[in-house]
Novice: 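Here you go, one structure.
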Amino acid sequence: MTTPELPTQYAPADVETRSYERWVAEGYFTADVGSDREPHTIVLPPPNVTGVLHIGHALDHSLQDALSRRARMRGFETLWLPGMDHAGIATQNVVERELAKEGLSRHDLGREAFVERVWQWKEESGGRILGQMAKLGDSVDWTRERFTMDEGLSRAVQTIFKRLFDDGLIYRAERIINWCPRCLTALSDIEVDHTDDDGELVSIRYGEGDSAIVVATTRAETMLGDTAVAVHPADERYAHLVGTSVEVPLTGRLIPIVADEHVDPAFGTGAVKVTPAHDPNDFEIGRRHGLPSLAVMDERGVITAHGPFEGLDRFEARPAVVAALRAEGRVVAEKRPYVHAVGHCSRCKTVVEPRLSLQWFVNVQPLAKAAGDAVRDGSTRIHPPELAKRYFDWVDDMHDWCISRQLWWGHRIPVWYGPEGEVVCVGAGEEPPAGYTQDSDVLDTWFSSALWPFSTLGWPDRTPELERFYPTTVLVTGYDILFFWVARMMMFGLYAMDGTPPFQTVSLHGMVRDQYGKKMSKSSGNVVDPLDWISRYGADATRFTLLRGAGPGSDVAISDDWAAGSRNFCNKIWNATRFALMNGATVAETLPGPGDLTVADRWILSRLDSVVGAVDAAYDDFEFAKISDQLYHFAWDEVCDWYVELAKIQIASGGEVADRTRRVLGHVFDSLLRLLHPLVPFVSEELWRALTGGPSITVASWPAVLGVADPAAEGEILALRDLVTEVRRFRSDQGLKPGQKVAAKLALDGTALAAHEPAIRVLLRLDTPAESFVATARLAVGSAVIEIDTAGAIDVAAERKRMEKDLAAARKEAAQATAKLGNEQFMSKAPEDVVTKVRGKAAQADADIARLRAQLDALPAG
RNA sequence: GGGCGCUUAGCUCAGCGGUAGAGCACUCGCCUUACAAGCGAGGGGUCACUGGUUCGAACCCAGUAGCGCCCA
């Protein structure tokens with residue numbers, strides 16, 4: 001391959017689309033079910049079909065792509081399976097809003113036409129996010145893309161429903177559920193968000209005289225449905241009233257006063273009104289005492305109880321009821337505002353109304369037990385481990401899952417009812433009996449997503465894909481859906497797959513935040529659009545910024561400045577590789593043996609080796625920030641700042657050394673690009689192809705640890721760097737221009753740097769001394785001494801100031817070390833290596849002090 | 001109310017027993033033929049507070065304060 005002319009600035013847009021299309025066309029991302037490689041499987045958490053790519057997806061996908069690309073390079077049969085979720089309630093809401101613009105409701109269309117309309121909408125605007133994934137560079141297997149409502153997955157839903165039903169784990173019951181009066185559907189417990197809201201606490205007197213009892217409530221309007229007053233059985237204040245009846249104000253109904261353990265005698269007056277039809281706790285009390293349930297509101301939260309409040313919305317009825325009570329002199333106290341927890345629909349924020357209704361539930365008892373045990377016994381590892389506790393708290397105390405939704409968009413509940421009230425659950429491929437009608441509800445959208453790790457692989461059929469790619473290697477997702485999704489996949493996976501959990505590891509990441517750690521929100525105006533970043537900084541820089549901040553389970557702070565820094569890093573790699581190409585770097589099967597390499601060569605190969613090891617270790621723990629940091633600093637601080645500079649000198653010297661340097665350069669950049677590829681796929685691909693002429697870095701192998709650690713070479717280069725930095729500091733302090741050459745005498749004999757004099761002279765722009773050389777300054781670094789003719793008076797004050805500062809530091813160091821060495825306790829109890837270290841420090845500090853004093857004395861006065 | 005976590009340089013974070021690091025920001029000098037999206041040098045922190053353990057604490061223990069998250 002001919003070396004293309006690369007521009008001096010990396011232009012992402014030019015290469016990204018081209019590379020991605022080629023990758024897909026070549027089939028690099030298509031998993032081969034028939035290969036004999038070990039599988040590495042990730043299923044993509046399916047984004048909502050309504051969605052667009054947001055920065056949280058970009059993080060989630062960057063992590064999965066890095067893992068998948070590295071696995072592919074390591075020789076695994078790598079499957080990253082993409083797809084989308086039908087997102088029942090969310091999508092239905094979107095389409096209903098569309099309809100509303102035309103002045104229509106779903107009821108105007110009717111169920112069939114409405115669902116048809118949603119499908120149509122899904123075809124048109126759904127899946128936008130999938131196109132956006134290509135921009136990010138996601139190496140997903142597009143040939144296996146799935147949708148939770150497609151035919152196969154629907155069959156999986158019907159199959160597992162039938163199995164659970166037949167096992168008695170799905171049942172229908174009348175319960176108090178969370179009801180959204182706006183979405184007009186039941187919600188599961190976790191679809192309710194609790195916030196502390198301002199409300200009111202009204203104390204109301206029921207009854208008269210000695211038999212009066214005062215109850216406190218935040219929802220006065222529900223008193224219309226009260227069927228008892230409850231007190232704690234041990235509460236002596238009310239003992240005489242238990243068993244008697246009292247009149248409900250405004251309604252005139254007589255209700256009993258009952259004693260129940262559930263009542264908290266310390267709350268309010270210690271007496272509570274009981275409304276079984278509108279409160280889950282009251283429902284339980286009602287059940288224990290055989291109380292009737294009296295519904296006083298309809299599905300929209302409108303009062304249905306006959307009387308003056310009928311037809312009022314619940315929030316209009318509340319003050320109206322209080323006013324009426326007040327007029328009757330029954331309000332004993334009012335506390336306003338009274339802050340208390342209020343549940344809101346997680347979809348539309350409407351205040352949830354507990355409502356008695358007939359719904360379908362999953363009995364989660366045995367499923368949740370298995371889901372907990374799988375993590376407890378190590379079959380599935382949750383990472384980071386701190387988050388496992390949250391998982392246990394949830395699965396070990398899970399309430400039955402309400403799975404029916406009064407929506408139209410979703411999987412229909414496969415239960416049919418006969419004319420005589422018969423109930424039949426119809427399995428996949430079965431026909432319902434003639435004359436039966438199907439349940440009108442659909443399933444919670446999470447019911448089908450809970451099947452994702454195996455339904456996407458062909459379950460319930462025992463497909464080759466299922467055999468090969470289940471269980472998946474790792475699930476990568478945000479900790480925010482640990483309960484919604486992860487726990488439920490664990491339950492259904494274990495149940496459907498005969499006890500094999502769906503993941504070997506669950507790796508949880510955090511949320512993306514702004515540069516101050518604040519949550520991103522439209523109202524704060526701090527939302528980052530990943531597509532905007534991709535166009536401004538490139539996909540690689542966008543990914544690198546996210547990866548660089550991603551510690552296990554922790555939130556990621558990002559900002560434009562940091563994205564610009566990542567872009568600069570990509571540009572740095574671009575130009576460094578350009579340098580290697582321009583200087584004839586070659587990539588060969590083997591490297592010259594250590595005997596044929598310079599110290600600098602051996603140093604960089606040694607460092608490369610340890611970086612490969614460190615990166616591998618960090619991948620094992622999903623420490624993406626560490627992976628990124630290791631590579632950033634190795635590439636920039638070591639390869640670019642030092643090895644490239646030393647390589648220039650070696651190449652300039654010509655001959656065999658130059659040839660070998662080209663081979664080392666080729667090897668180092670080849671390896672570095674491979675290491676970087678999972679993080680920054682586009683720039684690494686472009687450069688790697690130019691460097692090696694290979695077809696694609698996507699299918700190149702992952703660098704191995706070669707075992708070429710060379711501590712001696714590392715020590716020498718470290719000494720060289722110290723010396724060079726110290727002299728540069730002197731030059732900078734003295735105001736010598738970077739390009740200005742000065743004459744200098746080096747005394748390096750007997751130090752490790754003796755062989756490096758030519759390099760040191762080039763790096764520091766030091767001329768060989770002429771006959772007339774007169775040193776105006778003398779610098780000592782370690783045991784090396786450099787005398788410099790600055791060709792003029794030196795800035796004595798600057799130098800004195802500097803040396804005095806160094807001297808003070810050395811004296812402090814010496815004092816600390818001496819104090820330790822004089823401490824008997826320390827000497828007798830501290831381990832030997834620590835004592836040796838401190839001795840070394842003391843000796844070094846003493847030498848520094850002597851050296852600096854001599855240098856200070858040698859400075860001209862003034 | 002219950003549980004978990006955090007508090008280190010201006011901002012975001014690493015470090016998790018031998019006495020402080022990174023990125024960005026900041027200051028100074030440089031267009032030194034890979035790169036000004038760059039190069040070189042530099043400044044900046046009583047590691048929240050109070051006790052304790054230890055020869056030695058940012059790091060372990062206890063308490064206090066503030067912040068955040070999850071659940072009820």
Side-chain angles (χ1 to χ4, degrees), chain A residues 6-11 189-190 192 194 264 267 341 343 384 386-394 397 479-480 482-483 510-511 513-519 537-538 541 545 548-551 553-583 585 623 625-626 628-630 632-633 636-637 640-641 644-645 647-648 724-741 762-765 802 805 812-813 816-817 819-820 822-831 833-835 837-838 841:
Chain A
L6 299 179
T8 62
Q9 280 197 352
Y10 172 53
D189 291 346
I190 50 174
V192 177
H194 294 270
D264 176 6
F267 176 80
E386 306 92 85
L387 287 171
K389 189 175 165 13
R390 248 185 224 190
Y391 173 83
F392 290 134
D393 285 350
W394 171 254
D397 185 31
Y479 58 66
D480 57 327
L482 187 58
F483 307 144
M511 306 293 115
R513 293 167 176 272
D514 76 6
Q515 60 190 309
Y516 304 112
K518 292 268 174 297
K519 220 173 193 163
Y537 306 113
T545 305
R548 207 178 176 193
S554 63
D555 290 349
V556 182
I558 59 167
S559 81
D560 271 291
D561 281 347
W562 304 341
S566 299
R567 176 203 56 191
N568 296 355
F569 176 60
C570 293
N571 195 234
K572 187 73 181 177
I573 299 300
W574 177 265
N575 278 294
T577 311
R578 240 182 88 231
F579 164 84
L581 287 166
M582 286 161 57
N583 285 277
E623 294 274 9
K626 283 185 184 150
S628 311
D629 214 46
Q630 284 277 345
Y632 181 94
H633 287 291
W636 204 314
D637 303 349
C640 292
D641 286 353
V644 162
E645 295 307 320
K648 285 177 186 172
V724 169
T725 300
E726 176 60 14
V727 177
R728 279 175 176 164
R729 186 238 93 217
F730 171 80
R731 293 186 54 129
S732 182
D733 282 357
Q734 289 300 317
L736 291 169
K737 301 290 178 204
Q740 187 183 335
K741 289 203 156 195
V762 174
L763 292 172
L764 288 170
R765 290 168 204 282
R802 176 67 192 203
K805 189 188 164 200
K812 191 178 167 196
E813 180 85 26
Q816 282 175 341
K820 275 193 183 177
N823 181 338
E824 270 179 46
Q825 296 275 30
F826 174 77
M827 294 305 284
S828 61
K829 291 188 179 168
D833 59 317
V834 173
V835 175
K837 218 165 156 185
V838 173
K841 269 188 180 173

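Scope of the values below: all heavy atoms of this structure, side chains included, with no hydrogens, waters or symmetry mates. Below, read A as the first sequence line, B as the second, and so on, with proteins coming before strands; counting in each chain starts at 1.
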Novice: Nearest to the A:Arg390 side chain among B:G3, B:A72, B:G42, which nucleotide is it?
Specialist: B:G3

Novice: May I ask you to verify if any side-chain N or O of A:Asn568 is less than 4.0 angstrom from the OP1 or OP2 atom of B:G38?
Specialist: yes

Novice: NA contact type, A:Val644, heavy-atom cut-off 4.0 Å: base, sugar-phosphate, or nothing?
Specialist: base

Novice: At under 4.0 Å between heavy atoms, what does A:Lys841 touch on the DNA or RNA strands: base, sugar-phosphate, or nothing?
Specialist: sugar-phosphate

Novice: Name the closest nucleotide to the A:Ala830 side chain, picking from B:C55, B:A72, B:G23.
Specialist: B:C55

Novice: Can a side chain N or O of A:Gln9 be found less than 4.0 Å away from OP1 or OP2 on B:A37?
Specialist: yes

Novice: Using the C1' atom as the reference point in each nucleotide, state the distance between B:A58 and B:C16 in Å, no decimals.
Specialist: 8 Å

Novice: Please test A:Asp733 against A:Arg729 for salt bridge (charged side-chain N to carboxylate O under 4.0 Å, His left out), starting from the C-alpha separation and ending with a verdict.
Specialist: CA-CA 6 Å; A:Asp733 282 357; A:Arg729 186 238 93 217; 2.9 Å; yes

Novice: Just how far, in rounded Å, is P of B:G29 from CZ of A:Phe730?
Specialist: 19 Å

Novice: Let me know, please, whether A:Arg765 or A:Tyr516 comes out on the 5' side of the other along RNA chain B by nearest nucleotide.
Specialist: A:Tyr516

Novice: As a test of reading the structure: which of B:U12, B:G23, B:G38 is closest to the side chain of A:Ala557, going by heavy atoms?
Specialist: B:U12

Novice: Heavy atoms from C-beta onward define the side chain here; which of B:C35, B:C24, B:G29 lies closest to that of A:Trp562?
Specialist: B:C24

Novice: Base, sugar-phosphate alone, or nothing: which one does A:Arg728 contact when heavy atoms must sit under 4.0 Å apart?
Specialist: sugar-phosphate

Novice: In whole angstrom, give me the gap between the P atoms of B:U32 and B:U19.
Specialist: 42 Å

Novice: Measuring only the P atom in each nucleotide, how far is B:G29 from B:C35? A whole number of Å is fine.
Specialist: 23 Å

Novice: A:Asn571 side chain to A:Arg567 main-chain N or O, any donor-acceptor pair under 3.5 Å?
Specialist: no

Novice: Counting only side-chain N and O atoms of A:Tyr632, is one of them less than 4.0 Å from OP1 or OP2 of B:C24?
Specialist: yes

Novice: Between B:A34, B:C55, B:C71, which nucleotide has the shortest distance from any of its atoms to the side chain of A:Phe826?
Specialist: B:C55

Novice: Base, sugar-phosphate, or nothing for A:Lys626, non-hydrogen atoms under 4.0 angstrom?
Specialist: sugar-phosphate

Novice: Rounded to whole angstroms, how far apart are CE on A:Met827 and P on B:G56?
Specialist: 15 Å

Novice: Under 4.0 Å, heavy atoms only, any strand: does A:Glu623 hit a base, just the sugar-phosphate, or nothing?
Specialist: nothing

Novice: Indicate the atoms forming the closest heavy-atom contact of A:Met511 with A:Asp555, along with that distance.
Specialist: N-OD1, 2.8 Å

Novice: Atom CG of A:Asp393 to atom P of B:C71: distance rounded to whole Å?
Specialist: 11 Å

Novice: Judged by atom type as modelled, is there a donor-acceptor pair below 3.5 Å linking the side chain of A:Thr545 to the main-chain atoms of A:Ala541?
Specialist: yes

Novice: With no angle test and no hydrogens, is the base of B:C35 tied to the side chain of A:Lys572 by a donor-acceptor pair under 3.5 Å?
Specialist: yes

Novice: Using a 4.0 Å heavy-atom cut-off, does A:Arg578 contact any base of the nucleic acid, only the sugar-phosphate backbone, or nothing at all?
Specialist: sugar-phosphate

Novice: Looking only at side-chain N and O atoms, does A:Lys389 come under 4.0 Å of OP1 or OP2 in B:C70?
Specialist: no

Novice: When we call it a touch if two heavy atoms are under 4.0 Å apart, what does A:Cys640 touch: a base, just sugar-phosphate, or nothing?
Specialist: base

Novice: Quote, to the nearest angstrom, the P distance that separates B:U7 from B:C60.
Specialist: 11 Å

Novice: I'd like to know if A:Arg567 reaches the base of B:A37 with its side chain, counting only an N/O donor and acceptor under 3.5 Å.
Specialist: yes

Novice: Assign the ring pair A:Trp394 / A:Phe483 to parallel, tilted or perpendicular, where the plane angle (0 to 90°) is split at 30° and 60°.
Specialist: parallel

Novice: So, is A:Lys648 near the phosphate of B:A34, with a side-chain N or O under 4.0 Å from OP1 or OP2?
Specialist: yes

Novice: Keeping A:Asn583 on the side-chain end and A:Phe579 on the backbone end, is there a donor-acceptor pair under 3.5 Å?
Specialist: yes

Novice: Select base, sugar-phosphate, or nothing to describe what A:Arg548 touches, counting heavy atoms under 4.0 Å on all strands.
Specialist: sugar-phosphate

Novice: Regarding A:Asp641, tell me which of base, sugar-phosphate or nothing describes its non-hydrogen contacts under 4.0 Å with the strands shown.
Specialist: sugar-phosphate

Novice: What contact category does A:Thr725 fall into here, base, sugar-phosphate, or nothing, at under 4.0 angstrom with non-hydrogen atoms?
Specialist: sugar-phosphate

Novice: Determine the interatomic distance between P on B:C71 and the same-named atom on B:U8; round to the nearest Å.
Specialist: 27 Å

Novice: Look at A:Trp394 and B:G3 and indicate whether a side-chain polar atom (N or O) is within less than 4.0 Å of OP1 or OP2.
Specialist: no

Novice: What is the distance, rounded to the nearest whole Å, between atom CD of A:Glu645 and atom C1' of B:G38?
Specialist: 12 Å

Novice: Counting only side-chain heavy atoms from C-beta out, which of B:A41, B:A34, B:A72 sits nearest to A:Ala341?
Specialist: B:A72

Novice: Would you confirm whether A:Trp574, through its side chain, and A:Ala11, through its main-chain N or O, come within 3.5 Å as a donor-acceptor pair?
Specialist: no

Novice: Produce the list of close N/O pairs, under 3.5 Å, pairing protein atoms with atoms of nucleotides 6-10 of chain B; give distances to one decimal.
Specialist:
none

Novice: Mind checking A:Phe569 for me? I need base, sugar-phosphate or nothing, with any heavy atom below 4.0 Å counting as a touch.
Specialist: nothing

Novice: If the P atom of B:C31 is compared with that of B:U46, how far apart are they to the nearest Å?
Specialist: 37 Å

Novice: How many whole angstroms separate atom CG of A:Leu764 from atom P of B:U32?
Specialist: 18 Å

Novice: Let's see if you can work this out: which of B:G40, B:G18, B:C55 has an atom nearest to the side-chain heavy atoms of A:Pro831?
Specialist: B:G18

Novice: Please determine, for the side chain of A:Asn571, which listed nucleotide (B:A34, B:C30, B:C35) has the closest atom?
Specialist: B:C35

Novice: Where do A:Glu813 and A:Lys841 land on the side-chain contact (heavy atoms from CB on, under 4.5 Å) test, with the steps shown first?
Specialist: CA-CA 8 Å; A:Glu813 180 85 26; A:Lys841 269 188 180 173; 3.1 Å; yes

Novice: How would RNA chain B look in dot-bracket form, 5' to 3', counting Watson-Crick and G-U wobble pairs with both distances under 3.5 Å and writing | for bases paired to another strand?
Specialist: ((((((((.[[[[.)..(..]]]].(((((.......))))).....[[[[[..)....]]]]]))))))).

Novice: Write down the distance separating the P atoms in B:C59 and B:U54, rounded off to the nearest Å.
Specialist: 16 Å

Novice: Taking atom P in both B:A25 and B:G18, what distance in whole Å separates the two?
Specialist: 32 Å

Novice: What class does the angle between the rings of A:Phe569 and A:Tyr632 fall in, given that below 30° is parallel, 30 to 60° is tilted and above 60° is perpendicular?
Specialist: tilted

